[in-house]
Amino acid sequence: MSIKAILFDMDGVLIDARDWHYEALNKALDLFGMAIERYAHIATFDGLPTRRKLEILQATHGLPVALHPFINEMKQLYTTEIIYARCRPIFHHQYALSQLRQRGYKLAVCSNSIKATVNLMMMLARLEEYLALQLSCEQVSQAKPAPDIYVEAMRQLGVAPEECLILEDNDHGIQAAKASGGHLLEVASPEQVTLDRIMTRIAEIEGA
């Protein structure tokens with residue numbers, strides 16, 4: 001068995017953006033006095049698309065459905081402002097992805113963020129040139145924790161699940177990765193996304 005493709009989650013894997021999404025969502029919710037605690041965001045909402053977060057807040061906090069479109073729009077606006085202010089290239093990510101591409105691996109980012117956010121972050125992080133594919137939650141029927149986005153990436157890249165390594169950091173993404181049938185490399189932060197760690201995991205899989 002050989003690995004042919006490497007699929008990266010974005011937030012918390014290639015971009016340290018967990019707090020960016022929390023800050024942007026809270027800023028939008030605070031317009032209506034419904035800000036949430038950081039722990040609750042990490043424990044319940046981490047890795048989910050904004051649309052799903054608002055559905056949960058509707059069920060648990062009575063957030064009116066009529067407000068969802070406006071809050072979602074403001075959240076995306078605040079997220080974009082934060083991305084332009086804070087998103088910068090990280091050398092060890094550029095090095096890792098450039099080396100992986102030179103070695104013949106197909107690379108993709110598969111994120112629960114919207115397409116505009118994925119494309120903007122990859123551009124500002126200067127990673128887009130190494131990626132064969134950028135997929136967002138808007139391009140599949142069901143966002144993570146459903147496996148749809150990874151299954152779609154495998155289809156577009158022309159690889160089987162057992163030929164893929166998936167890097168994920170949160171429970172929803174890990175559930176999606178496992179359900180897709182791909183191999184998993186769990187990371188705790190973007191700092192752990194290094195060429196050495198990825199090649200070590202590939203060697204483990206191919207040596208099994």
Side-chain angles (χ1 to χ4, degrees), residues 3 5-26 36-50 52-53 56 79 82-83 86-97 100 105 107-115 117-122 124-125 127-128 130-131 133-137 140 142-154 161 164-202 204-205:
I3 296 298
I6 303 169
L7 313 180
F8 297 87
D9 177 37
M10 186 176 71
D11 301 314
V13 175
L14 289 179
I15 306 293
D16 194 6
R18 278 178 168 173
D19 283 347
W20 303 358
H21 290 290
Y22 165 66
E23 291 173 26
L25 178 61
N26 242 16
I36 57 177
E37 297 293 329
R38 185 177 186 280
Y39 174 78
H41 187 271
I42 296 299
T44 305
F45 302 107
D46 192 27
L48 293 176
T50 302
R52 180 60 186 143
K53 293 175 183 176
I56 294 173
T79 300
I82 293 172
I83 293 169
R86 303 182 191 175
C87 191
R88 298 287 183 271
I90 297 175
F91 174 74
H92 72 264
H93 285 174
Q94 291 180 288
Y95 176 73
L97 268 64
L100 291 169
Y105 295 104
L107 308 180
V109 62
C110 304
S111 172
N112 262 358
S113 289
I114 63 172
K115 189 173 188 298
T117 295
V118 174
N119 294 161
L120 180 60
M121 284 191 183
M122 292 300 94
L124 293 176
L127 296 177
E128 60 181 357
Y130 308 117
L131 298 167
L133 183 63
Q134 299 183 36
L135 282 182
S136 76
C137 67
V140 292
Q142 297 186 78
K144 304 172 193 175
D148 298 32
I149 198 165
Y150 287 124
V151 172
E152 178 61 16
M154 294 167 187
C164 293
L165 174 63
I166 300 172
L167 278 74
E168 270 288 358
D169 71 310
N170 65 76
D171 290 342
H172 297 114
I174 290 169
Q175 185 177 334
K178 289 180 176 177
S180 75
H183 300 278
L184 176 67
L185 173 54
E186 187 175 346
V187 298
S189 72
E191 291 301 313
Q192 294 187 357
V193 181
T194 65
L195 181 63
D196 285 347
R197 285 178 61 87
I198 293 170
M199 294 310 300
T200 297
R201 181 68 180 114
I202 289 174
E204 290 174 355
I205 295 166

Quick one: does [X]'s side chain have a donor or acceptor within less than 3.5 Å of a partner on [Y]'s backbone?
| X | Y | result |
| --- | --- | --- |
| Y22 | I36 | yes |
| N112 | G47 | yes |
| D16 | P190 | no |

Please examine the side chains of [Y] and [X], heavy atoms only from C-beta on, and report whether any two atoms are closer than 4.5 Å.
| X | Y | answer |
| --- | --- | --- |
| T79 | I114 | no |
| Q134 | M10 | no |
| I6 | I202 | yes |
| L167 | Q192 | no |
| L127 | Q94 | yes |
| L100 | M199 | yes |

Report task. Quickly, which of D11, D9, N119 forms a side chain to side chain donor-acceptor pair (under 3.5 Å) with S113? Name it, please. Result ->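 By the side chain to side chain donor-acceptor pair (under 3.5 Å) criterion, S113 pairs with just one of D11, D9, N119: D11.
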Query - Sequence-distant partners of H41, side-chain hydrogen bond (donor to acceptor under 3.5 Å, both in side chains), two or more places apart - result: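 With neighbours one apart ignored, the set is K53.
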Rounded distance (nearest 0.5 Å) linking atom [atom1] of [X] with atom [atom2] of [Y]:
| X | Y | atom1 | atom2 | result |
| --- | --- | --- | --- | --- |
| E191 | H93 | CD | NE2 | 6.5 Å |
| E152 | L133 | CD | CG | 8.0 Å |
| I90 | L97 | CD1 | CG | 11.0 Å |
| S111 | L14 | OG | CG | 9.5 Å |
| C110 | D148 | SG | CG | 11.5 Å |
| T117 | W20 | OG1 | CH2 | 11.0 Å |

Can you name the closest pair of heavy atoms from [X] and [Y] and give their distance?
| X | Y | answer |
| --- | --- | --- |
| L135 | I149 | CD1-O, 3.6 Å |
| S180 | P161 | O-CB, 3.5 Å |
| D169 | G12 | OD2-CA, 3.5 Å |
| Y95 | L195 | CE2-CD2, 3.7 Å |
| I166 | G182 | CD1-CA, 4.2 Å |

Requested in this report: Please assess K144 against E168 for the test side chain to side chain contact (heavy atoms under 4.5 Å, CB included), listing each intermediate value before the final yes or no.
Outcome: CA-CA 11 Å; K144 304 172 193 175; E168 270 288 358; 2.8 Å; yes
Report task. Using the salt bridge (charged side-chain N to carboxylate O under 4.0 Å, His left out) rule, pick out the option among R18, R38, R86 that qualifies with E23. Result ->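 With E23 as partner, R18, R38, R86 yield a single salt bridge (charged side-chain N to carboxylate O under 4.0 Å, His left out), made by R86.
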**Report entry** Working for side chain to side chain contact (heavy atoms under 4.5 Å, CB included), residues F8 and I198
**Finding:** CA-CA 11 Å; F8 297 87; I198 293 170; 4.0 Å; yes
Only pairs under 3.5 Å count here: list side-chain donor-acceptor contacts from residues 170-178, not counting sequence neighbours, and write none if there are none.
from : atom 1 : to   : atom 2 : distance (Å)
N170 : OD1    : H172 : N      : 3.1
N170 : OD1    : G173 : N      : 2.8
H172 : ND1    : D46  : O      : 2.8

